[in-house]
Amino acid sequence: MTAHVTSNKTRSGPDGGRGPRRGRFGIAPRLLATSPIGFVVVVVTTLGALAVSGVEMLSEADPAQFASAAAVIAGRNIVYLLAMVWGTAGVVLVARRLLADGGPGRSVATTAIAACGVSLLAGAAQIAIPLLAIGFSQPRFGDTASYDAYFGASLISIWTGVVAVLLVALAARAAGVRRTFTLVLAVVCAAYLVVDLTTRGGIPPFAIAVVWLALGVGLRASRVPA
């Protein structure tokens, strides 16, 4: 009886291939796959901020309109930063796992983590810049250097976020993780960057959640025994 029980445990354990299994990348694929929810909240919050503030385009706001809407704008940007944290956390966790595995692509994974940091810093700058711009003397916010900095921070936040996904995809491919999928994702990210750089932000910011979603769904298929 003891031998029989031991045999069953062996077959149902990791070596038998019948035991419980966990994702190779832990919770990261779930964070990435659910990240679009964060941007749905951002869109709803943005529409609410427009309705409350009465400012249809931030660049067109005069000093008085801008001052009255600054708190609402800052609140919306906090929600945006939290949405960026949601998806970026998933990318960082994937990169950290690749580093822990010790395989090829470690330097690329490290660079991806750095890109995530830059993305979040730029997102945080979007909160601070409008608050610092209160009381500007130009006719419109769009005429100020602060607006250029605000818009630039938005672009940098998205671009470096997409660069991070591109780098993680390349690092995963170098480590042998779903080589075709990760290559295709890297190409898609490169195309995204070319189009958005060319059009200077022509792609809606929430599109970054699409590449997060793709990475998360793709990595969920890469599993190892628990």
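None of these values were measured; they are calculated from a predicted model. FYI, side chains are in, hydrogens and waters are out, and symmetry mates aren't considered; it's all heavy atoms of this structure.
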TODO: Please state whether the rings of Y147 and F151 are parallel, tilted or perpendicular, taking 30° and 60° as the class boundaries.
DONE: parallel
Task: Ring geometry between F141 and F136 (parallel below 30°, tilted from 30 to 60°, perpendicular above 60°) - done: tilted
Is there a donor-acceptor pair under 3.5 Å between the side chain of [X] and the backbone N or O of [Y]?
X    : Y    : answer
T111 : S107 : yes
S35  : L32  : yes
D143 : Q138 : no
E60  : M57  : no
D62  : A64  : yes
R179 : R173 : yes
T182 : V177 : yes
S119 : S157 : yes
R178 : G218 : yes
D196 : I203 : yes

- [ ] Side-chain contact test, heavy atoms from C-beta onward, threshold under 4.5 Å: evaluate it for L197 versus W159 and give yes or no.
- [x] yes
TODO: Would you check, one step at a time, whether the test side-chain contact (heavy atoms from CB on, under 4.5 Å) holds for L166 with L193?
DONE: CA-CA 10 Å; L166 188 157; L193 290 168; 4.3 Å; yes
Task: Check: R76/T45 side-chain N/O donor and acceptor closer than 3.5 Å - done: no
Open item on the list: Can a side-chain donor-acceptor contact be found between T34 and W86 if the only test is distance below 3.5 angstrom?
Closed with: yes
